[in-house]
Protein chains: 6
Amino acid sequence: MFMRVDKLLIELPMPKKQDPNAGAALQELLGGKYGEMSTLNNYMYQSFNFRSKAKLRAIYDVVASITAEEVGHVELVANGVAMLNSGPDSDETGGTDISDAPFSAMQDIRLAASFLSNGGGAMPVDSNGLPWNGTFVTTTGNVIMDMLFNFHLECGARIHKLRVYETMTEPTGREVCGYLLVRGSVHAHAYALVLKKLTGVAIEKMLPVPNIDLGRIPECQKYLAEGRHRWLYTNSPSDYKAMAGIWGNGETALPGDPPGELEVVEGVPDGGKIPDLNGLASAFTPEYAPEEMLEIAQKLYAASR
Amino acid sequence: MFMRVDKLLIELPMPKKQDPNAGAALQELLGGKYGEMSTLNNYMYQSFNFRSKAKLRAIYDVVASITAEEVGHVELVANGVAMLNSGPDSDETGGTDISDAPFSAMQDIRLAASFLSNGGGAMPVDSNGLPWNGTFVTTTGNVIMDMLFNFHLECGARIHKLRVYETMTEPTGREVCGYLLVRGSVHAHAYALVLKKLTGVAIEKMLPVPNIDLGRIPECQKYLAEGRHRWLYTNSPSDYKAMAGIWGNGETALPGDPPGELEVVEGVPDGGKIPDLNGLASAFTPEYAPEEMLEIAQKLYAASR
Amino acid sequence: MFMRVDKLLIELPMPKKQDPNAGAALQELLGGKYGEMSTLNNYMYQSFNFRSKAKLRAIYDVVASITAEEVGHVELVANGVAMLNSGPDSDETGGTDISDAPFSAMQDIRLAASFLSNGGGAMPVDSNGLPWNGTFVTTTGNVIMDMLFNFHLECGARIHKLRVYETMTEPTGREVCGYLLVRGSVHAHAYALVLKKLTGVAIEKMLPVPNIDLGRIPECQKYLAEGRHRWLYTNSPSDYKAMAGIWGNGETALPGDPPGELEVVEGVPDGGKIPDLNGLASAFTPEYAPEEMLEIAQKLYAASR
Amino acid sequence: MFMRVDKLLIELPMPKKQDPNAGAALQELLGGKYGEMSTLNNYMYQSFNFRSKAKLRAIYDVVASITAEEVGHVELVANGVAMLNSGPDSDETGGTDISDAPFSAMQDIRLAASFLSNGGGAMPVDSNGLPWNGTFVTTTGNVIMDMLFNFHLECGARIHKLRVYETMTEPTGREVCGYLLVRGSVHAHAYALVLKKLTGVAIEKMLPVPNIDLGRIPECQKYLAEGRHRWLYTNSPSDYKAMAGIWGNGETALPGDPPGELEVVEGVPDGGKIPDLNGLASAFTPEYAPEEMLEIAQKLYAASR
Amino acid sequence: MFMRVDKLLIELPMPKKQDPNAGAALQELLGGKYGEMSTLNNYMYQSFNFRSKAKLRAIYDVVASITAEEVGHVELVANGVAMLNSGPDSDETGGTDISDAPFSAMQDIRLAASFLSNGGGAMPVDSNGLPWNGTFVTTTGNVIMDMLFNFHLECGARIHKLRVYETMTEPTGREVCGYLLVRGSVHAHAYALVLKKLTGVAIEKMLPVPNIDLGRIPECQKYLAEGRHRWLYTNSPSDYKAMAGIWGNGETALPGDPPGELEVVEGVPDGGKIPDLNGLASAFTPEYAPEEMLEIAQKLYAASR
Amino acid sequence: MFMRVDKLLIELPMPKKQDPNAGAALQELLGGKYGEMSTLNNYMYQSFNFRSKAKLRAIYDVVASITAEEVGHVELVANGVAMLNSGPDSDETGGTDISDAPFSAMQDIRLAASFLSNGGGAMPVDSNGLPWNGTFVTTTGNVIMDMLFNFHLECGARIHKLRVYETMTEPTGREVCGYLLVRGSVHAHAYALVLKKLTGVAIEKMLPVPNIDLGRIPECQKYLAEGRHRWLYTNSPSDYKAMAGIWGNGETALPGDPPGELEVVEGVPDGGKIPDLNGLASAFTPEYAPEEMLEIAQKLYAASR
C-alpha cells in the first residue's frame, strides 16, 4: 500500500521565463528509457514479483522502499516540466480574445503536443515525444539479474541526468537535475551493495558512471553538505528497516563524495512546497471562464473544514 | 511525496492450482487501457499538472489522494497475477534437472513471455500481451475535461473488471475483482460528484455503468457490509482532507448499494499480508542454487536488527 | 465527402457456432499490415494528398473511388469477426447470474481482449492482437511509387486472404474471404492498369499473385458468374467516371477468370442485410438489464417516424 | 456500404505561404488521440459492433451516420495539412536542378518526415509525429459506456481544436478549425442527448467543454448563421432517419449559440471544391519529369468520356 | 563492411514434427528484448558510434567482431523457428485443394500470424508476437555504460535462453539453445573482462547468471569439449585481432566450465548446412503452382555456371 | 554466417560543422520505413525463411548476398549521422566545466534525444525520431510477393534518398546519399530482373522511380564512371555466385545510365577508412576523465600484438 504527502521532495525555484524546449529536454528524465518512469516501474514491478521475500528480506526492503521514492521523483520531474513549459505564474484572468492566435509561438516548440494536448503539463514521454511503455520494465524474478539491471539502469539514468543538466540554463531544471543526481547516486550505490553481498563482487567500485564527482555540480552541494548522498530513506511509517543489512554495516560514502558512513533514515525527507501552477484562461486551464467555477470550488473547500 | 506500507490492500487467498491463462486475463486489469496502470497514471499526471491548486483545493485533493490508492491497486492486481501464474507455494529446493523440459507446458499458455521473461511475474501489459504506454494518459489541464475523462475511465474499468470476473474460477482472481469493483465504484462516484459540483449536472445518477448492482457479486458483500463503498480514504498521514467538500456534505451511497452517508476516512485501509511468492529454483527465481545466497541474505537481515 | 448506406456489401451467413479463434484469424484481414484498414487508409490518404488531380483525373478517380469501397470492406470483415466471436443470435434476456464464471472459456481464446474489452466486437488489430497503426500507410506523392505500393499491397492482401480462408471452416468467414478475393483481384488489376498506362510495363501479366485462379475457391463462383471480377464501381452518386480511361478501353478479365471486358459500374453494389448482432446481457451488451432501456429506445424510434 | 462525393465539406482558402509547422500543428486534429482519425474509427467500429440494432435503431442511426461525416472530417483536415505544408499552388514545371539542396529548409521543420516521406502530404500522425493506432478505439458493446466515451471524446476533441486554432495565423488552418468546432459541437450534443434519453441525466447541460461559446470565433460565424450547429446530417441517400428520435423532438440549440430547434438534414452538405494540389517536380510529385506522363494521363481522361 | 558465408553456425537436426508453439517460444530468443536482434543491434550501433576507436582499439575490436557473430545468431534462431513452424521437409507438390480448410489447425497456434503472414517463417517479434523495436538499443557513447549494458544484456539473454530451453522437447530448438548458451556465455565473459580492464572491478566473478553451469545442459557438452567456451572469434578475414588484449593475457575459463586459457580464433566457425526449407504449395511457398517457376529457376542456375 | 571487415563501404568527407538537424534528416535513411534497417531486415529475414533454396538457387543468392551489403549500408548511414551530429573531430581533452550549460544548443535540435541519450550517435529511428520496428519486415514465403515487395521497397528507398539529398548542404551527408542512390538502383534493378525471370514481365522498364537519372547528381558521377551501377557484389569469400543467372546473361545497364553489361563482382568493395569519431569529455564520450582509461586501453592494445 502507498500513502501520499502533499509536498514535493524539494522546493523548486520559479522559472524566469517560459521555456518549452527546456521542458522538452527535461521530459527525457521523465518518460525516457532511462527516466524516472522507468526506475519507478522497474522497482515497483520487481517488488511486486519479488520471490522469497521472507528469506531475502533486506534486499526486498531496498527495492520496495526505493520504489516509493521514485514516485516522488516522477512528481519532481513532472513539476519541473510543467513549470518550464508555463513560465512564471501570472495572474489568472478570464476573457482573453482567442481569435488573435495568442499561441502562435507554440507551433515552433519542439513538442507541440505538450501545449496542444496537455496545456503545458508533463506527460510520460521522452525528449523526442515518444511515449513511455511497458517494455522498459525488466523483472525476471532472478534476483542477481534484476539487481544487475537496476545497477545498470541507475548508471544510465545518471548519464542522461548529466547531459540534460548540461543543456539547462533555467534554475528550475538545474535544481531538478542536481537533486536527482544525488539521489540516483545513492540508488546506484544501494544496488551495487546488494550485488556485492550476493556475489562477492565489489561492483560499487565502478561508481560513479560516468566518472565525474557530484562535487562538480553546484546544485548538488547543499545536498552533499547535508549528507543526503549517504542516506537511504525507508519511505515508510514503520517498514523496510531491514535495508540496514545492506545500507550500513560499516559501508561508507563513495570516494569522491564527502566521507561518512551510510545511514538508513526512517520516513521521508522534509520536502518542499508543491507549485500551485496558476491557470491560464486562454489555454482553458483550468477553464476559459474560471471565475464562477472557482467560486463554487472555494465554497466546497469551506464546506470541508 | 509518497510513502509505502508493507501490506497489500486486502489479503488474497492462495490459488488452488497454477493457472497462467487466468493470470493472463487478470493482466487486462493491470496493463490494459482501462486497467490500474491507466487509472494510476492518469490521476498521477493530472495531480502533478493540476492548475490553480489553491483555488480548487477540494478537487485537487480528490485526484491526488486517489492516485495513492491506485498504486495499491496496481500492487494488488500484480500480486494476483503472480499468484495465479505460479500456483500454490511449494517448497523451495535447488538442483532440479533442467534438461527434461520441465516447463514444456509453458509453450501453450496464452502469454508465454510471462514465463519466459518474467518467471511468472506480472508485467505492465494487457490480456493480449500489449504493453501499457503513455498515450493512455489524458491530462489536458482543463478540469472539466479531465474529470469527465476520469469518470469515463472508471466506468470503462468497471466493465472490464466485471468481464474478467466472469471468466474467473480461482478465488484469488475473483477476490481481486470483487475488491476493485467496490473501490472503483467509489472512484467513479467521486469524479461524478466533482463534475456535479462544477457543472450542476447530476451525472452520478448515470451510475452504475454497466447497470448491475455490486450486490450481485458475492465477493463484494463483505466490503459492502463494512461500508467501503461509502468511504473515500485520504491515503495520507495528514493531507487531502479538503476532499470532504466533495465526498460528504450529505451525499449518500448509490441507490442499489447499502444506504448511508459518504464518509472521508483518514489514512489507508488496514490491509493484508503480502504474499511471499516462494521461489522456484528450476525457473531461476530467485536463483538456481539459492541455498548459499539465502544464507548470506539471512545474515544481512540479522545484521540489520 | 462520404455517404453511408445501411447495407453490408454482401449478405453473410449466420455462423453455426461461436468460434473466437476463427474471429481472431479473420482479424488479420482487418487490422493486419495487409488488411482492409491498410488498403482503406493507404488509398484514402493518397487520394487526399493526390497531386495534380486535374491533369491525372482518371488515375485520381481510381484511387478515390476504391477508397470508398474499402470502407465497406472494413465493415464487412468487422461484421464477420463479430459474428464469429459471438455465434448464432440467441434470445436477449437479462438477469443472468454473473457469479458462476459464465465466460470461463474466454480465458483460453487466442485474443482474450476481444471478449474482455470488446464484448466480441471487432477491433483494428491483427490476428496476433497487434494494433493497426499509421506507419502502415505509404503516401509519397509520387504517383508511380504510390501506385506500385498499392499493387504490391493488393498482392500481399491476396496471399493473406487465401491463407485465412484455408483456416476457415465456418461459412461466415469463408464468405468474407471469397468476396474479398474477387474484389481484391479487381483492385490489384486496376492498379496494374494504371501502372501500365503510365510506364508502358504490362505489370498486370504478373497477376494473380499467388498464382492460383479464383476458380479454385467455391465461395468465389457466384461473384465470378455475375461478372464482379470485371466491374469497378464508382462508389459515388455521380463522380469518378473518368476511371473508365483506365478500367475499360478494351481491357479484359485476367486469363484464368471468366472472360469479358472490364466495365465501370456506377454507384455501389446492391448489398445485403446488416447483421443485428443480438445483445448478451451477461456480457453487458448492450446492457445488463436492457429491458427498460430498450423500451425507451423504442419510444425514440417511434417518435422519429 | 459507403459512397463518395468528389467535394470537400467546405471550401478552404489557399494559404498565403508555405508553413509546415502550421501543418504539423494541424496534424494533431488528424492523427492525435483526440483527432479525426479517432472520432472516425471509434464511431465506425462501434457502428459495426453495435448490438441490438433493431431495438436501438435511433441510437444506432446517430452513430452510423456521424461515422460517414467523420470520414469527411479526416479529408478536410488532411487537405488543410497538405495545403499548409505546400503553400500556394505554383506552376508545375519539370527539370529543377536537385543538386543545389533546394529543400535545405526542410531539415528544420518540426516533422521533417512530412516532407521526406510524404512530399508535404498529410499522414495519420499527431502533432509530434506519433502514428495513430488502434488502441485509440473504444468499443465495449455496452451502449452507455460507448456513448459516454464518445461524449468525452468530442469534448476532448474540442479542446484540441481550440488550442490548435489559437496557434494558427493562416486562414486555411483557421477555417478548418472553425468548421470542425461547429460540427464537433453538434456531435458532442448528439451523444449527450443519447445519454440523456437512456439514463435521464441531462449531461448536455455540461456543454460546451471548454466553457467558451462558438460566438467568440470569427470563423464559426457563417456556419452559426446558417444554423449548422442545429443540423445533424443523415449523410445517406435514404437511411438513418430514425436519428430524429434523438435529434429533434423539441430539443434546441445550446444556450450560448443562436437559438432554434434541432433538425435532421437528409443527405450531405453542399460542399466545396477539392484542392488540386499542384505537383512539384523537384519533390517528385507527381513525378520529376511529369510532362510525358501528364500527356498520357490526359489521353486517358479523354478516352473515358 | 560485412561478408556472408552460406553456412549456418551449426547444423540443426530436422524436427520430428511440426510444432508452431515451440517455434513461438523460440521467437523470444529472436525478437524479444533480450533476444538476438537486441544483441545484434546493440553491438552494431555501439560499434558504429564508438568513440576514440584508435585509442580504445582492443575494446572496439571486441564489440565490432561480436556484432558479426550476432548476425549469425539471428540467422540460427530464425532457421530454428522456421523449422519448428514447418516440421520435417515433405515432397513439394502443387495442386492441393485449398477449399477444404487444410490449415484449420493454424487458428489455434499461439501466433497465428506466423502462418497467415509468414507462411511459417521467422519474424523479428518476441514470444508474444510483439515486434522488436529500436528502443531496445542502448548506445550512450560512454564506454563504461555501454559495456555495462552489454554485460547485463548477455546475462538477461542467458536466463531467457535457459527458460526457452526448459520448454523444448524438439531437438531442433534444444540445439539452438545449447549452442547459444555456450556462445552467449563467452560474450558475457568478454564484456566482463572489458569492464575489469577499464574499472578494476572483477565483475566476471559474478558469472554465470543465473548460477548454473553449462555442464547441466547435455546439448552444450560437445561445444564445451571442443573448447568453444574459451574461443572468441574475430569473425573477420584479417581484422579485430587487438581483441587479444582483452580475451587472453592469461585469462582462463570460468570456474564451472572445462578449464583452459581464453583464445582468440581468427575467422569464423566451420559451420553447418543451411536448411533447404522445402516449399509447401498449399501455403503458396514459394508458390502455388511451382513447377514451371522452378524450371525457369533451374535454367537460371545453369546459366550462372 | 557473417564476417566483418574493418572498413566503411566508401570514405566519407569530414563535415565542416556540427549539424544535428542534417543528422536527423539522414536518420530517415537509417530507421525509416524505407531506410536501410528495413532493406537489411527484409532481405535478411527473407533469406533465412527462403523456401526451396536448392531449386531457386540463383534467386536465393541475390537476396542472401544483398543482405550482407545492406549491413554495410546501415553502417554507412550510421557513420554519416554520427559525423553530422558531432562535427569535425576536435582534440580530446578532459576536465570541461559542465556547470555552464555547455550544451544548451542541444535543446533546440530536432531530435534532442540523439544528444541526450546517444551523445550524438546514430540510432535505429527515423527523421521524426520514431523507432524502427519489426512490422516493417515483409516475408510471406511466396517468392513473387516477396520480390515484388523488395522492388517496391527499393523504389521507395530511392525517393527518400533523393529527398534527403535535396536537403543536404554538408558533403558528408551528400556523399552518403550519392553512394546509396547508385547501389540502391542496382538492387532495384536486381529484384526487377528476378521478377522478369519468374513472371515474364519486364518490370525493370519501370525504372528509375522517380524518373530522374543518376547523372543529375554530382556525387554519383565517380561511381557511375567506375561502373558500380552495373556491379552486383557477391559480398562473400566464395558463395552466391549463382546470382549470375539473374545479373548478367546479357542484361545491361538501365537506359539513362552509362551503358554496359551487368557484372557479378566477387567479394566486397575496397572500402574506405572508418571515422575515428573523437570523443568529447564533456559529453562523457567515451568518458569524462578519459586519460587514465585510455592509458590502460593502450596497454591492452600493446598486449594484443
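Per chain, numbering begins at 1; letters A, B, ... match sequence-line order. The analysis underlying the following values was restricted to heavy atoms, covering all of them including side chains, and did not include hydrogens, waters or symmetry mates. Predicted, not measured: the structure shown is a model, and the values here were computed from it.
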Residue among [options] with most heavy-atom pairs under 4.5 Å to chain A:
options: B:Val137, B:Asn79, B:Val268; answer: B:Val137
options: B:Gly121, B:Gly271, B:Ser238, B:Gly267; answer: B:Gly121
options: B:Ala82, B:Ala244, B:Gly248, B:Ser65; answer: B:Ala244
options: B:Gly31, B:Gly72, B:Ser117; answer: B:Ser117
options: B:Gly119, B:Ser236, B:Ala283; answer: B:Ser236
options: B:Asn142, B:Val74, B:Thr138, B:Val143; answer: B:Asn142

Proximity breakdown for [X] and chain B, heavy-atom pairs closer than 4.5 Å:
X: A:Thr135; result: both
X: A:Leu56; result: both
X: A:Tyr60; result: side chain
X: A:Asp239; result: side chain
X: A:Ser86; result: side chain
X: A:Met37; result: side chain
X: A:Asn249; result: side chain
X: A:Lys7; result: both
X: A:Val125; result: neither
X: A:Val81; result: neither

Provide the closest heavy-atom pair for [X] versus [Y] in the form atom of the first, atom of the second, distance.
X: B:Thr285; Y: A:Thr140; result: CG2-O, 3.8 Å
X: A:Pro286; Y: B:Ser52; result: CD-OG, 3.5 Å
X: A:Arg51; Y: B:Asn278; result: NH1-O, 3.6 Å
X: A:Gly134; Y: B:Pro131; result: N-CB, 3.9 Å
X: B:Phe48; Y: A:Ala78; result: CD1-CB, 3.5 Å

Heavy-atom cut-off 4.5 Å, strictly under: side chain, backbone, both or neither for [X] against chain A?
X: B:Ile274; result: side chain
X: B:Lys197; result: both
X: B:Thr139; result: both
X: B:Tyr45; result: side chain
X: B:Tyr240; result: side chain
X: B:Asp146; result: neither
X: B:Val264; result: neither

Answer whether the closest heavy-atom distance between the side chains of [X] and [Y] falls below 4.5 Å.
X: A:Asn235; Y: B:Met3; value: no
X: A:Ser47; Y: B:Glu75; value: no
X: B:Val71; Y: A:Met44; value: yes
X: B:Asp6; Y: A:Met1; value: no
X: A:Thr67; Y: B:Arg4; value: yes
X: A:Pro237; Y: B:Val5; value: yes

Is it true that A:Asp276 and B:Arg57 make a salt bridge, defined as a side-chain N closer than 4.0 Å to a carboxylate O?
no
Indicate yes or no for a side-chain donor-acceptor contact from B:Lys53 to the backbone of A:Pro275 under 3.5 Å, with no hydrogens or angles considered.
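Pair found, side chain donor or acceptor close to backbone of A:Pro275.
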Pick whichever of A:Ile59, A:Leu130, A:Leu8, A:Thr199 has the most heavy-atom pairs under 4.5 Å with chain B.
A:Leu8
